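Here is the structure we will look at.
Note that these values count all heavy atoms, side chains included, but never hydrogens, waters or copies made by symmetry. Remember, it's a predicted structure, so these values are computed and weren't measured experimentally.
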Amino acid sequence: MCQIKIAPSILASDFSRLGETVKRLEENGADLIHCDVMDGNFVPPITFGAQAVKQIRPHTALPLDCHLMVLHPETHFEDFAAAGADLITVHAEACKKLLPRLHEIKARGIRAGAVINPATPVEALFEAAEVADMLLVMSVVPGWGGQKFIPESLKKIERLREYCVKIGRPELDIEVDGGITPQNVKDVICAGANVIVAGSAVFRSENMREAIEALRG
């Protein structure tokens with residue numbers, strides 16, 4: 001069984017207090033910090049870029065999990081590497097050739113991940129499973145927080161974990177992002193995910209530590 005890791009998304013936090021926020025997340029048991037990078041093109045909203053990652057880097061020792069929801073993600077790898085990203089995840093939909101992009105990330109000494117949107121077949125991640133350090137299944141339409149979990153995502157997670165076992169990578173991290181709550185997280189974990197991204201479930205809770213622990217299933 002893969003270790004369950006919780007990756008709170010700072011998209012749901014107060015952007016004016018990001019340094020303080022990542023410190024609190026570390027103190028309250030988070031395993032990674034999920035950074036949702038949006039360019040206003042691949043998805044409509046604009047959030048932040050490598051400069052924000054650079055600013056929060058000194059405030060936490062936790063890995064910074066940078067999810068690039070951007071067009072031409074390869075043009076940003078160097079900036080995020082210099083900013084202190086520990087993992088860069090790119091969308092299959094934004095890359096004509098996914099494997100070269102993953103190799104480019106890894107060549108910079110950073111872990112590489114691949115992600116698909118809800119409308120994309122899970123098979124789009126199979127090739128990436130050979131080399132990626134993490135695979136991410138979006139369980140909501142990317143771009144906005146607070147959406148409800150798409151139940152069909154569970155089948156994708158199951159198929160992806162089965163494929164990882166088939167190719168001899170049963171412990172590969174499978175991350176799921178979108179609409180995860182203490183009420184549905186057990187289903188997500190049972191399907192085969194082990195890295196749980198959560199925004200609202202953590203930042204709208206009265207007790208951050210309890211919220212994070214509740215998401216471990």
**Message:** Under the rule for ring pair (Phe, Tyr, Trp, His ring centres under 6.0 Å), what residues qualify as partners of Tyr163, not counting sequence neighbours?
**Reply:** Phe126
Shared hydrophobic cluster, [X] / [Y] (ILVMFWY, side-chain heavy atoms < 4.5 Å):
X      : Y      : answer
Val140 : Ile174 : no
Ile212 : Leu18  : yes
Leu71  : Ile88  : yes
Val37  : Val195 : no
Val141 : Met69  : no

**Asked** With sequence neighbours excluded, what pairs up with Ser205 under the side chain to side chain donor-acceptor pair (under 3.5 Å) test?
**Response** none
**Request:** Please collect all side chain to side chain donor-acceptor pair (under 3.5 Å) contacts where either partner lies in residues 37-53, sequence neighbours excluded, each pair once.
**Result:** none
Is it true that, when you exclude [X] itself, more than 12 heavy atoms of the residues, nucleotides or ligands shown sit nearer than 6.0 Å to its [atom1]?
X      : atom1 : answer
Arg17  : CZ    : no
Arg24  : CZ    : no
Glu127 : CD    : no

**Message:** Show every ring pair (Phe, Tyr, Trp, His ring centres under 6.0 Å) that has at least one partner inside residues 25-45, sequence neighbours left out.
**Reply:** His34-His67, Phe42-His91
**Asp173 side chain near Asp133 side chain, heavy-atom distance below 4.5 Å** = no
**Message:** Within the 4.5 Å heavy-atom criterion, are Glu130 and Ile167 side-chain neighbours or not?
**Reply:** yes
**Request:** May I have all residue pairs that pass salt bridge (Lys or Arg N to Asp or Glu O under 4.0 Å) and include part of residues 82-96, sequence neighbours excluded?
**Result:** Arg57-Asp86
**Asked** Applying salt bridge (Lys or Arg N to Asp or Glu O under 4.0 Å), which residue pairs with at least one partner in residues 177-197 are found, sequence neighbours left out?
**Response** none
**Message:** Tell me whether Arg159 is salt-bridged to Glu162, with the criterion being a basic N under 4.0 Å from an acidic carboxylate O.
**Reply:** no
**Request:** Walk me through it: do Val197 and Val176 pass the test side chain to side chain contact (heavy atoms under 4.5 Å, CB included)?
**Result:** CA-CA 6 Å; Val197 177; Val176 181; over 6 Å; no
**Message:** Run the side chain to side chain contact (heavy atoms under 4.5 Å, CB included) test on Leu11 and Met38 for me, step by step, so that the C-alpha distance in whole Å, both residues' side-chain angles and the decisive distance to 0.1 Å come before the verdict.
**Reply:** CA-CA 10 Å; Leu11 177 65; Met38 305 180 194; 3.6 Å; yes
